[in-house]
Amino acid sequence: LVPADEDAMTLPEMLDSLTNSIWSELGEKAGGKFTNRKPMVSSLRRNLQREHMQRLVDLSMGSGYGAAYMPISNLATSHLRRLSKQMVRVLSKADGKLDDYTQAHLEECQMRIEKALDAEYIYNASDIGGGGSTIIFFGEEPQQSR
């Protein structure tokens with residue numbers, strides 16, 4: 001516990017700080033034309049960004065942990081939405097100035113984020129019915145399970 005008169009870093013502040021640092025290239029103005037030899041986002045940074053994105057996706061899929069997990073799940077989802085918008089903005093303004101590595105990296109990350117955000121809404125689709133399974137025993141006619 002942190003005493004009331006002392007400052008403590010909140011969860012939103014920590015996530016903001018991490019996300020802004022890890023994805024700093026999305027906030028920078030693209031100065032000059034990048035090449036495959038001098039990419040906008042280095043291979044080391046691309047690996048870091050992919051790992052961070054995957055962790056945010058994992059955190060956003062907070063089902064099964066109860067109400068106490070919802071704040072981090074909601075914050076992670078918010079960060080994923082923000083990152084997706086930033087990626088779309090950078091890609092739309094690139095106008096041929098991005099190197100192939102960064103272009104492919106941002107396109108892939110943006111697509112994965114969108115799929116993860118969509119998956120959140122259909123995660124428990126089996127609970128809404130319509131997905132019965134068929135049980136077949138050798139030598140018997142197929143039966144529909146209930």
Side-chain angles (χ1 to χ4, degrees), residues 1-136 143-146:
L1 248 299
V2 177
D5 61 336
E6 290 183 27
D7 194 19
M9 181 176 259
T10 65
L11 187 56
E13 289 171 330
M14 183 193 68
L15 282 174
D16 283 343
S17 179
L18 278 172
T19 303
N20 292 339
S21 295
I22 292 170
W23 295 90
S24 61
E25 292 88 349
L26 296 179
E28 295 174 4
K29 301 239 188 238
K33 185 173 172 129
F34 296 98
T35 67
N36 292 334
R37 289 183 181 258
K38 187 171 170 36
M40 178 181 172
V41 182
S42 71
S43 62
L44 183 65
R45 299 273 304 162
R46 290 192 304 268
N47 290 337
L48 174 65
Q49 290 170 353
R50 271 191 294 275
E51 184 64 31
H52 180 254
M53 176 195 62
Q54 188 56 53
R55 299 221 179 205
L56 286 176
V57 167
D58 292 344
L59 288 170
S60 74
M61 301 291 179
S63 64
Y65 296 103
Y69 193 78
M70 289 312 294
I72 185 66
S73 179
N74 292 339
L75 288 168
T77 300
S78 175
H79 278 260
L80 288 169
R81 285 189 184 114
R82 189 174 340 143
L83 282 172
S84 179
K85 288 176 186 174
Q86 289 176 319
M87 288 174 199
V88 167
R89 181 184 47 79
V90 168
L91 288 167
S92 67
K93 291 183 177 183
D95 197 29
K97 293 180 182 176
L98 287 181
D99 57 281
D100 293 335
Y101 295 115
T102 301
Q103 178 89 26
H105 168 66
L106 294 179
E107 287 172 352
E108 178 71 13
C109 287
Q110 200 274 328
M111 181 191 68
R112 286 181 180 270
I113 289 171
E114 289 304 311
K115 287 184 181 284
L117 293 173
D118 288 345
E120 254 184 82
Y121 294 104
I122 60 172
Y123 185 69
N124 292 318
S126 63
D127 293 342
I128 59 176
S133 61
T134 302
I135 300 173
I136 301 174
Q143 281 183 303
Q144 187 72 19
S145 68
R146 297 174 204 241

Report yes if some heavy atom in the side chain of [X] is under 4.5 Å from a heavy atom in the side chain of [Y]; otherwise report no.
X: Leu15; Y: Ile72; answer: yes
X: Thr102; Y: Glu25; answer: no
X: Gln103; Y: Met40; answer: no
X: Ser43; Y: Arg46; answer: yes
X: Cys109; Y: Gln49; answer: no
X: Leu83; Y: Leu56; answer: yes
X: Asp99; Y: Val41; answer: no
X: Met111; Y: Glu108; answer: yes

(request) Could you point out which residue of Leu80, Thr77, Leu117 forms a side chain to side chain contact (heavy atoms under 4.5 Å, CB included) with Val57? (result) Leu80

Closest non-hydrogen atom pair between [X] and [Y], with its separation:
X: Gln110; Y: Ser84; result: NE2-OG, 2.9 Å
X: Arg45; Y: Ile22; result: NH2-O, 2.8 Å
X: Ser42; Y: Pro39; result: CA-CG, 4.3 Å

[Y] backbone acceptor or donor facing [X] side chain under 3.5 Å:
X: Ser60; Y: Ala76; answer: no
X: Ser92; Y: Arg89; answer: yes
X: Glu6; Y: Pro3; answer: no

What's the spacing between [X] [atom1] and [Y] [atom2] if we round to 0.5 Å?
X: Asn74; Y: Tyr69; atom1: CG; atom2: OH; value: 11.0 Å
X: Met87; Y: Trp23; atom1: CE; atom2: CH2; value: 3.5 Å
X: Leu75; Y: His79; atom1: CG; atom2: NE2; value: 6.0 Å
X: Phe34; Y: Asp100; atom1: CZ; atom2: CG; value: 13.5 Å
X: Glu114; Y: Arg81; atom1: CD; atom2: CZ; value: 9.0 Å
X: Lys93; Y: Leu91; atom1: NZ; atom2: CG; value: 12.0 Å

(request) Would you tell me whether Asp58 and Gln54 have side-chain atoms, one donor and one acceptor, within less than 3.5 Å of each other? (result) yes

(message) Is it the case that atom CG in Asp5 sees more than 12 heavy atoms from other parts of the structure closer than 6.0 Å?
(response) yes

